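This report concerns only the one structure given below.
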Amino acid sequence: MEKTPEQRLWIKANIPEKLWRDYHWQIQNRIRTKEQLEKYIKLLPEEIEGIERTKGLYPMAITPYYLSLMDPEDPMDPIRLQAIPRVVEVDESVQRYGEPDALKEDGPIPGLTHRYPDRVLVQTTTFCAVYCRHCMRKRIFSQGERAIGEQQLKLIVEYVKKHSEIREVLLSGGDPLTLNPEKLDIILSEFRKIPHIEVIRIGTRLPVLAPQRFFDEDVLKILEKHSPIWISTHFNHPKEITPEAQEAVENLLRRGIPVLNQTVLLKGVNDNPEIMLELMRKLIKIKVKPQYLFHCDPIKGVIHFRTTLEKGLEIMKYLRGRISGYAIPTYAVDLPGGKGKVPLLPRYLIDSDGTKHTFLSWDGQKVEYDICEF
Ligand SMILES: *Cc1c(COP(=O)(O)O)cnc(C)c1O
Ligand code: SF4
């Protein structure tokens, strides 16, 4: 199922290895138009119309690397579904069930969300290497590609300084690791100067979309300097776990930066127990800890990727017993209106009178178990 590097040559064909491994080359050569994309893939009518109608609203950008993971012959390829716009994104009969900001992220200061007492989320840029079609923050794409300004950063830093209950700053975007290294260094230094900030977390999908970012010292050096830093990344499908992704993760781990993963449950991409099992197994093989499996949020432009809670629970049940406990993510839904995330588990305790309990084992056997306090 997974493509070998040799099979991926259809796009790499005439590109020297040195360029392919260069992050800046990957970014400069992103596919932005229908004409560019048609050189590599025979587009479907709903994609052609999709690219036209999402222009300026939910733009398209695809790195040559991410494009190379696609099977050009398969219209339902999971990479293709995540990267190439389809007209359903702007079909009101579907998207009217969503809101641009269903999670009420727009917080006390533009670019800052303070939902839980101890941690804040900071939007550092609107730039991403690839604009994922399922992005829960796709409302910001229409703002163009720009990094946080000095004035706005100052306001956010002031806010965090004043709130000593905040222990963790979560840098998000867009993708913070697409910022130029000097700017990233400034942002990290500002937060590191605040005594009550213990941990900085960075949400980045570059290990999936342009792992070349971690092939040279630029960003790695800065991340190491501002330790402790944790990375949350976003692998959704086993096809995304390539030798390049593995190399990127390895370089982060060598610098003492733990890498966790947040998967989003997406219809047609990974809403299948076998695929999810393979993804989790491959993640721990490259030493990435699966943290969350998110139910897809009711975001305008993303509604067509949603599936049922039952599907998520079925997948969670399937994973248990078939894979190491530490490879099993927490299945969670982010409640609307900014009420926060809640974890969900299949029902394992099916009956109880307070002392006598009936459990369901991982393989579906009913087990009686008396538990009482002495
Ligand atoms: C998800 C999220 C966090 C982080 O939550 P964790 O459960 O610690 O991953 C923090 N702030 C906001 C606004 C979030 O949406
Ligand atoms: S990289 Fe993350 S923030 Fe950027 S488009 Fe993809 S999901 Fe959204």
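None of these values were measured; they are calculated from a predicted model. Throughout, residue positions are numbered sequentially from 1 according to the sequence presented. Both ligands and their constituent atoms are indexed starting at 1 by order of listing.
- Considering only non-hydrogen protein atoms, atom 1 (S) of ligand 2 sits nearest to Arg205 CB, 3.5 Å.
- Note on ligand 1: Gln291 sits in its first shell, one or more heavy atoms being nearer than 4.0 Å.
- Counting only heavy atoms of the protein, atom 14 (C) of ligand 1 lies nearest to Lys341 NZ, 3.1 Å.
- Residue, atom and distance of the protein heavy atom nearest to atom 8 (Fe) of ligand 2 are Cys135 SG, 2.3 Å.
- Ring planes of Tyr131 and Phe127: perpendicular class, angle over 60° (limits at 30 and 60°).
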For Phe191 and His226, what are the C-alpha separation, side-chain angles and deciding distance, and is it a ring-ring contact (aromatic ring centres under 6.0 Å, His included)?
CA-CA 10 Å; Phe191 289 116; His226 296 287; over 10 Å; no
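- Atom 8 (Fe) of ligand 2 has no N, O or S atom of His134 inside 2.8 Å of it.
- Residues Lys282 and Glu240 are not paired through a salt bridge, judged by the lack of any N-O separation under 4.0 Å between the basic side chain and the carboxylate.
- Atom 9 (O) of ligand 1 has its closest protein heavy atom at Arg201 NH1, 2.9 Å.
- Atom 7 (O) of ligand 1 has as its closest protein heavy atom Tyr292 OH, 2.6 Å.
- Selection from Glu105, Arg119, Arg115 by nearest heavy atom to atom 5 (O) of ligand 1 gives Arg119.
- The closest approach between any non-hydrogen atom of Leu206 and ligand 2 is not below 4.0 Å.
- At under 3.5 Å, not a single nitrogen or oxygen of Tyr116, backbone or side chain, sits near a nitrogen or oxygen of ligand 1.
- In terms of modelled atom types and a separation under 3.5 Å, the side chain of Arg146 and the main chain of Thr126 share no donor-acceptor contact.
- No close placement of the Tyr58 and Phe141 rings is indicated, their centers lying 6.0 Å or farther apart.
- Note: His304 and His134 fail the aromatic proximity criterion, with ring centroids not under 6.0 Å apart.
- Between Glu314 and Lys311, at least one side-chain nitrogen of the basic residue sits less than 4.0 Å from a carboxylate oxygen of the acidic one, meeting the salt-bridge criterion.
- Of all protein heavy atoms, the one closest to atom 3 (S) of ligand 2 is Cys128 SG, 3.7 Å.
- Taking any N or O of Thr113, backbone or side chain, none lies under 3.5 Å from an N or O belonging to ligand 1.
- Judged by the 6.0 Å distance and 45° axis criteria, Arg322 is positioned over the aromatic ring of Tyr318.
- Residue side and main chain included, Cys132 places no N/O/S atom under 2.8 Å of atom 4 (Fe) of ligand 2.
- Every atom of ligand 2 with a heavy atom of Phe141 under 4.0 Å away is listed here by number and element: 5 (S).
- Taking the six-membered ring where tryptophan is involved, the planes of Tyr331 and His295 are perpendicular, since the angle between them exceeds 60° and thus also 30°.
- Judged by distance alone, the side chains of Thr355 and Asp370 never bring a donor and an acceptor atom under 3.5 Å apart.
- The nearest protein atom to atom 12 (C) of ligand 1, hydrogens excluded, is given as Leu121 CD1, 3.9 Å; this is a heavy-atom distance.
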